[in-house]
Amino acid sequence: MHRLINNMESENQTGVAEFLLLGLSEDPQLQPLLFGLFLTTYLVTVLGNLLIILAVSFDSHLHSPMYFFLCNLSLVDICFSTTIVPKMLVNMQTQSKAITYAGCLTQVYFFMVFICSDNLLLAVMAYDRYVAICHPLHYTVIMNPCLCGLLVLLPLFVSIMIALLHSLMVLHLSFCTDLKIPHFFCELAQILKLACSDTLINDILVYLMTSLLGGGPLLGIIFSYTGIVSSILRIPSAGGKYKVFSTCGSHLLVVFLFYGTCMGVYFSSAASFSSRNRAVASVMYTVVTPMMNPFIYSLRNRDIKGALMKLISRTCFFP
């Protein structure tokens with residue numbers, strides 16, 4: 001009974017004004033270094049992904065389903081980083097840790113929209129490579145513009161609905177007076193830990209959606225590449241095998257980077273690592289992965305490199 005009274009007294013019944021994002025480090029001497037590092041990373045992420053979008057848009061040779069999906073992945077990566085990094089930079093510059101309640105829920109919502117979209121788009125891109133390699137004669141018929149548009153809009157719609165559901169569930173929670181988030185952005189799991197009210201339904205929903213949206217697309221990717229590998233093994237020449245598989249190399253690297261970093265964060269949480277260590281691990285999939293994607297695709301793809309050179313030449317010589 002005494003514990004229940006204390007909990008009731010510590011709850012903020014009138015509404016939460018703001019949360020406090022503790023960030024990666026509280027050492028003031030590290031803040032300028034972290035600010036410069038994350039600002040550079042964010043600018044490289046935006047510029048790199050924007051160049052991919054422009055290169056594909058202006059080069060008619062790249063107007064194919066594979067590069068259409070790549071453009072959408074680059075756009076999602078820009079939005080993903082923009083949801084997190086600018087607020088972190090502002091807090092570092094102003095030496096403030098505060099984020100409003102509405103701002104925190106908005107960040108949670110858009111974070112979930114874009115990470116779910118990223119995940120589902122990787123599965124869509126794997127399916128595109130599966131059709132291209134396993135059913136090359138029917139590729140243009142199967143991957144028609146209508147289906148390509150649907151394969152982009154459907155993941156976005158699913159992501160929006162799931163993020164909206166989680167956000168609405170958070171609105172029903174009451175929070176204690178200690179509103180410190182040991183992270184550099186508003187993560188749903190951290191917010192649920194701060195709630196004074198019962199979060200059982202929220203936790204079940206998180207585990208259910210994580211299983212469906214994590215396991216489902218991953219199984220789809222595994223299925224697609226199982227068919228791809230099977231088709232490649234039937235090609236008699238080694239050169240033919242390499243040529244076909246090289247079209248999947250960039251996508252595979254991005255898949256390994258995305259799922260590898262996400263699983264690293266999950267296992268760090270499951271292993272009862274400190275919240276600060278988990279926040280550091282989260283940098284990999286929230287900041288580093290969106291920055292690395294354009295480099296992976298541009299360095300390993302001859303068509304993208306050619307389109308980027310044309311774009312840069314056109315910009316330099318014809319301003």
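Note that this is a predicted model, so its numbers are computed, not measured.
L62 places none of its side-chain heavy atoms less than 4.5 Å from the side chain of F68. With contacts defined as side-chain heavy-atom distances shorter than 4.5 Å, the pair Y139/P65 qualifies. You'll find the side chain of L73 stays beyond 4.5 Å of the side chain of N49, heavy atoms only. Contact check for F38 versus M88: side-chain heavy atoms found under the 4.5 Å cut-off. At a threshold of 4.5 Å between non-hydrogen side-chain atoms, the residues L192 and V206 count as touching. Within the 4.5 Å cutoff, no side-chain heavy atoms of N293 are placed close to those of S250. Looking at T41 and V85, their side chains never come closer than 4.5 Å, going by heavy atoms from C-beta outward. Contact annotation: the side chain of S282 approaches that of F184 to within less than 4.5 Å [non-hydrogen atoms, C-beta and beyond].
Residues forming a ring-ring contact (aromatic ring centres under 6.0 Å, His included) with H61 (at least two apart in sequence, or on another chain): none. Looking at residues two or more places apart in sequence or on another chain, you find no side-chain hydrogen bond (donor to acceptor under 3.5 Å, both in side chains) involving N202.
The neighbour count for L208 CG, taken as heavy atoms of other residues, nucleotides or ligands under 6.0 Å away, is above 12. Atom NE2 of H63 has more than 12 neighbouring heavy atoms from other residues, nucleotides or ligands inside a 6.0 Å radius. In this structure, F110 places its CZ atom where only 12 or fewer heavy-atom neighbours from other residues, nucleotides or ligands lie under 6.0 Å away.
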Evaluate side chain to side chain contact (heavy atoms under 4.5 Å, CB included) for I78 paired with I53, printing each intermediate quantity in order. CA-CA 11 Å; I78 291 174; I53 295 172; 4.3 Å; yes
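Remark: the backbone N or O of L188 is not paired with any side-chain donor or acceptor of H166 at under 3.5 angstrom. In terms of modelled atom types and a separation under 3.5 Å, the side chain of S230 and the main chain of T226 share no donor-acceptor contact. The backbone N or O of V287 lies less than 3.5 Å from no partner atom in the side chain of S81, so there is not a single donor-acceptor pair. Counting only distance, with no hydrogens or angles, the side chain of Q107 and the backbone of T83 share a donor-acceptor pair below 3.5 Å.
Between F80 and F111, a ring centre-to-centre spacing shorter than 6.0 Å is recorded.
Taking the six-membered ring where tryptophan is involved, the planes of F223 and Y130 are tilted, since the angle between them lies from 30° to 60°.
Just one of Y225, F258, Y297 meets the ring-ring contact (aromatic ring centres under 6.0 Å, His included) condition when paired with H251; it is Y225.
In the model, Y42 has a side-chain atom that pairs as donor or acceptor with a side-chain atom of T82 under 3.5 Å.
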Pairs of donor and acceptor atoms involving the side chains of residues 142-161, under 3.5 Å and at least two apart or interchain, shall be tabulated with distances.
{"unit_1": "N144", "atom_1": "OD1", "unit_2": "C146", "atom_2": "N", "d": "3.1"}
{"unit_1": "N144", "atom_1": "OD1", "unit_2": "L147", "atom_2": "N", "d": "2.9"}
{"unit_1": "N144", "atom_1": "ND2", "unit_2": "V141", "atom_2": "O", "d": "3.1"}
{"unit_1": "N144", "atom_1": "ND2", "unit_2": "I142", "atom_2": "O", "d": "3.2"}
{"unit_1": "S159", "atom_1": "OG", "unit_2": "S117", "atom_2": "N", "d": "3.2"}
{"unit_1": "S159", "atom_1": "OG", "unit_2": "S117", "atom_2": "OG", "d": "3.2"}
{"unit_1": "S159", "atom_1": "OG", "unit_2": "P155", "atom_2": "O", "d": "2.7"}

